Amino acid sequence: MVTQSRHAPFTNVPLIRAPRQRRVLRVHALFAKLCGRVTEVYACSAGSAEFGLRWPKVSARKNAVKAATRINGTWQEDVFKPGRFPVQILTISHMTTCGSTTPAAPKPLLLALPAQPGEYPVLLFFHGYLFLNSFYSQLLHHIASHGYIAIAPQMYRVTGADATPEIADAAAICDWLPEGLSSYLPGETRPDFQNVAMAGHSRGGKVAFGLALGRTSQATKLNFSALVGLDPVDGMARGHQTQPRILTYKPQSFEFIIPSLVIGSGLGPLKRNPFFPPCAPEGVSHREFFNECRAPAYHFVPSDYGHVDFLDDETGGIRGKWTYCLCKNGVSREPMRRFCGGIMVAFLNAYLRNDSAAFNDLLIHPSHAPVKLEPPQSFVPEVEQKSGESLLRRTV
């Protein structure tokens with residue numbers, strides 16, 4: 001089968017031509033090992049039995065190698081650097097329709113997607129409490145540059161403590177996406193609804209876990225292949241959870257078997273000042289969420305960064321200014337956001353694209369991350385532990 005690479009654009013001058021595809025694939029594999037997969041196998045003409053191998057143009061080849069790093073002797077895409085895809089940002093209003101047959105989106109949507117034709121996995125991302133989806137533009141841009149369609153709904157402007165209506169709205173968005181999203185995308189860009197992940201920050205993490213746990217009146221039309229919680233929070237303190245309660249305080253009690261990644265913040269449980277509580281209090285945050293996940297599940301905690309260090313460098317308006325005042329933060333947001341984007345890409349690649357090299361490397365060598373990490377933790381199925389070839393298990 002002819003392989004279709006997503007590097008672009010390619011020259012039309014072949015490196016080699018051969019009557020058998022197998023020979024060309026062998027040379028392609030050699031270049032993949034030595035040069036970071038910057039060649040493409042293609043049919044020389046429609047219906048032809050002759051195949052060729054061609055280079056990308058110089059600019060595309062430089063970008064591909066620039067975004068690559070060497071892992072275990074082979075070149076792999078560096079997940080902590082911008083990916084090879086140019087990115088475009090789109091907004092979809094919930095007040096207008098696209099054509100007479102496409103229903104309006106249930107909520108306003110912010111999209112970051114590759115500005116290049118192709119079919120891409122989908123990431124649905126829920127913002128934190130009283131935040132704007134635009135506060136995550138840089139994080140979404142990074143993920144989209146690695147070949148994902150990232151969708152961030154604006155769930156509300158003002159809301160109360162009960163997240164039940166928010167989870168219901170999230171379910172409505174999931175039901176709209178398969179029938180409505182494609183109408184708003186550029187012509188040759190297609191969402192791959194067979195590979196969909198869900199993520200959320202802070203209260204948005206609670207919403208994502210609530211949706212995965214089925215805290216809605218009926219099942220959604222989307223099936224999720226991966227789940228990510230960015231410093232998820234389930235209330236003010238243990239015994240003071242907000243509705244609906246997600247945490248049960250029983251180990252590995254979550255009733256879903258979706259690969260899960262929980263990213264915490266070392267400074268989240270600390271107060272910034274005596275007047276405000278911590279933004280991610282002990283007892284209702286990332287450690288408890290991870291402990292209740294079932295295998296496969298993974299837990300990473302940058303020790304020197306805070307609850308809002310996932311956000312853009314600059315967050316404007318009154319809400320944006322408050323993000324600098326409420327939580328204890330790291331020195332800069334950029335390293336934490338770059339780590340978060342990179343580990344999410346590595347995790348999604350592992351479970352949506354069957355490419356676990358970068359994620360395994362970070363589990364085994366956490367010092368390769370751009371921030372200081374606590375020792376990573378994981379729950380891994382017994383079959384993977386016995387094989388010794390899959391993802392690392394660490395003692396929890």
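Nothing here was measured: the structure is a model prediction, and the numbers come from that model. The figures that follow rest on heavy atoms only: side chains count, while hydrogens, waters and symmetry mates do not.
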Engineer: Is there a path of hydrophobic side-chain contacts, each under 4.5 Å between heavy atoms of I, L, V, M, F, W or Y residues, that connects Ile173 with Ile258?
Structural biologist: yes

Engineer: Heavy-atom distance under 4.5 Å between the side chains of Pro335 and Pro370, does that happen here?
Structural biologist: no

Engineer: For the side chain of Asn291 and the backbone of Arg287, is there at least one donor-acceptor N/O pair under 3.5 Å apart?
Structural biologist: yes

Engineer: Step by step, work out the side chain to side chain contact (heavy atoms under 4.5 Å, CB included) result for His142 and His146.
Structural biologist: CA-CA 7 Å; His142 180 97; His146 287 269; 3.6 Å; yes

Engineer: I want to know whether Phe339 and Tyr305 have ring centres closer than 6.0 Å.
Structural biologist: no

Engineer: Is there a chain of hydrophobic side chains (I, L, V, M, F, W, Y, each step under 4.5 Å between heavy atoms) that links Leu326 to Leu230?
Structural biologist: no

Engineer: Can you name the closest pair of heavy atoms from Pro302 and Met336 and give their distance?
Structural biologist: CG-SD, 3.4 Å

Engineer: Evaluate the side-chain proximity of Phe131 to Phe126: yes if any heavy-atom separation is below 4.5 Å, no if none is.
Structural biologist: no

Engineer: Tell me if the centroids of the rings in Phe256 and Phe224 come within less than 6.0 Å of each other.
Structural biologist: no

Engineer: Would Arg353 and Leu348 count as a side chain to side chain contact (heavy atoms under 4.5 Å, CB included) if you check the C-alpha gap in whole Å, the side-chain angles of each, and the deciding distance to 0.1 Å?
Structural biologist: CA-CA 7 Å; Arg353 289 177 166 153; Leu348 296 178; over 6 Å; no

Engineer: Check this for me: does any side-chain nitrogen of one of Glu179 and Lys221 sit under 4.0 Å from a carboxylate oxygen of the other?
Structural biologist: yes

Engineer: Are the aromatic rings of Tyr156 and His127 close, with centres under 6.0 Å apart?
Structural biologist: yes

Engineer: I need the minimum non-hydrogen distance between Pro191 and Thr189, along with the two atoms involved.
Structural biologist: CD-O, 4.2 Å

Engineer: For residues 229-292, pull every pair meeting disulfide bond (SG atoms under 2.5 Å apart), keeping only residues two or more places apart or in separate chains.
Structural biologist: Cys279-Cys327

Engineer: Return all side-chain donor-acceptor pairs below 3.5 angstrom for residues 195-206, not counting sequence neighbours, or 'none' if the list is empty.
Structural biologist:
| residue | atom | partner | partner atom | Å |
| --- | --- | --- | --- | --- |
| Asn195 | ND2 | Asp192 | OD2 | 2.8 |
| His201 | ND1 | Tyr136 | OH | 2.7 |
| His201 | NE2 | His307 | O | 2.8 |
| Ser202 | OG | His307 | NE2 | 2.8 |
| Arg203 | NE | Glu166 | OE1 | 2.7 |
| Arg203 | NH1 | Gly160 | O | 2.9 |
| Arg203 | NH1 | Ala161 | O | 3.0 |
| Arg203 | NH2 | Gly160 | O | 3.3 |
| Arg203 | NH2 | Asp162 | O | 3.3 |
| Arg203 | NH2 | Glu166 | OE1 | 2.9 |
| Lys206 | NZ | Asp234 | OD1 | 2.3 |
| Lys206 | NZ | Thr242 | O | 2.9 |
| Lys206 | NZ | Thr242 | OG1 | 3.3 |
| Lys206 | NZ | Pro244 | O | 2.8 |

Engineer: Hey, does the side chain of Glu288 reach the backbone of Ser285 with a donor-acceptor pair shorter than 3.5 angstrom?
Structural biologist: yes

Engineer: Can Val284 be reached from Met236 by stepping across I, L, V, M, F, W or Y side chains whose heavy atoms are under 4.5 Å apart?
Structural biologist: no

Engineer: Are Pro106 and Asp175 packed together at the side-chain level, in the sense that at least one heavy-atom pair is separated by less than 4.5 angstrom?
Structural biologist: no

Engineer: Evaluate the side-chain proximity of Gln194 to Glu119: yes if any heavy-atom separation is below 4.5 Å, no if none is.
Structural biologist: no

Engineer: Apply side chain to side chain contact (heavy atoms under 4.5 Å, CB included) to residues Phe193 and Leu177 and explain how you reach the verdict.
Structural biologist: CA-CA 9 Å; Phe193 286 119; Leu177 287 174; 4.0 Å; yes

Engineer: Can you tell me how far apart OG (Ser332) and CZ (Arg338) are? Round to the nearest 0.5 Å.
Structural biologist: 9.5 Å

Engineer: CZ of Arg337 to CG of Asp312: how many Å apart, nearest 0.5 Å?
Structural biologist: 6.0 Å

Engineer: Does Tyr184 share a hydrophobic cluster with Leu113, counting links as ILVMFWY side-chain heavy atoms below 4.5 Å and allowing steps through other members?
Structural biologist: yes

Engineer: Quick check: is Phe135 connected to Trp322 through a chain of hydrophobic side chains (ILVMFWY, heavy atoms under 4.5 Å apart)?
Structural biologist: no

Engineer: Do Pro375 and Pro366 have side chains that get closer than 4.5 Å, going by heavy atoms?
Structural biologist: no

Engineer: Within the structure provided, determine whether Leu261 and Tyr351 are in side-chain contact (heavy-atom separation under 4.5 Å).
Structural biologist: no

Engineer: Quick one: NZ on Lys81 to OG on Ser145, what's the gap to the nearest 0.5 Å?
Structural biologist: 12.5 Å

Engineer: Leu247 and Gly283: which non-hydrogen atoms are nearest, and at how many Å?
Structural biologist: CD1-O, 4.0 Å

Engineer: Roughly how far apart are Leu227 CG and Ile257 CD1, rounded to 0.5 Å?
Structural biologist: 13.5 Å

Engineer: Can you give me the closest heavy-atom contact between Ser265 and Pro269, atom names plus distance?
Structural biologist: O-CD, 3.7 Å

Engineer: Can you confirm whether Asn273 is buried at CG, in the sense that more than 12 heavy atoms of other residues, nucleotides or ligands lie under 6.0 Å from that atom?
Structural biologist: yes

Engineer: Just so I know, are the side chains of Leu185 and Leu111 near enough to count as touching, which here means a heavy-atom distance under 4.5 Å?
Structural biologist: yes

Engineer: Which heavy atom of Met155 sits nearest to which heavy atom of Asp169, and what is that distance?
Structural biologist: CE-CB, 3.9 Å

Engineer: Between Tyr249, Phe379, Phe209, Phe290, which is the residue that forms a ring pair (Phe, Tyr, Trp, His ring centres under 6.0 Å) with Phe254?
Structural biologist: Phe209

Engineer: Answer whether the closest heavy-atom distance between the side chains of Val233 and Asp231 falls below 4.5 Å.
Structural biologist: no

Engineer: Do we see a donor-acceptor contact under 3.5 Å between the side chains of Ser303 and Glu374?
Structural biologist: no

Engineer: Would you compute the distance between atom CG of Leu362 and atom OG of Ser367 and round it to the nearest 0.5 angstrom?
Structural biologist: 9.5 Å

Engineer: Would you confirm whether Asn133, through its side chain, and Ala152, through its main-chain N or O, come within 3.5 Å as a donor-acceptor pair?
Structural biologist: yes

Engineer: Of all the heavy-atom pairs spanning Thr216 and Ala171, show the shortest one and how long it is.
Structural biologist: CG2-CB, 3.8 Å

Engineer: For Leu211 and Cys174: C-alpha separation, side-chain torsions, deciding distance, then whether side chain to side chain contact (heavy atoms under 4.5 Å, CB included) applies.
Structural biologist: CA-CA 10 Å; Leu211 193 57; Cys174 291; 3.7 Å; yes

Engineer: To the nearest 0.5 Å, tell me how far Glu314 CD sits from Tyr324 OH.
Structural biologist: 4.5 Å

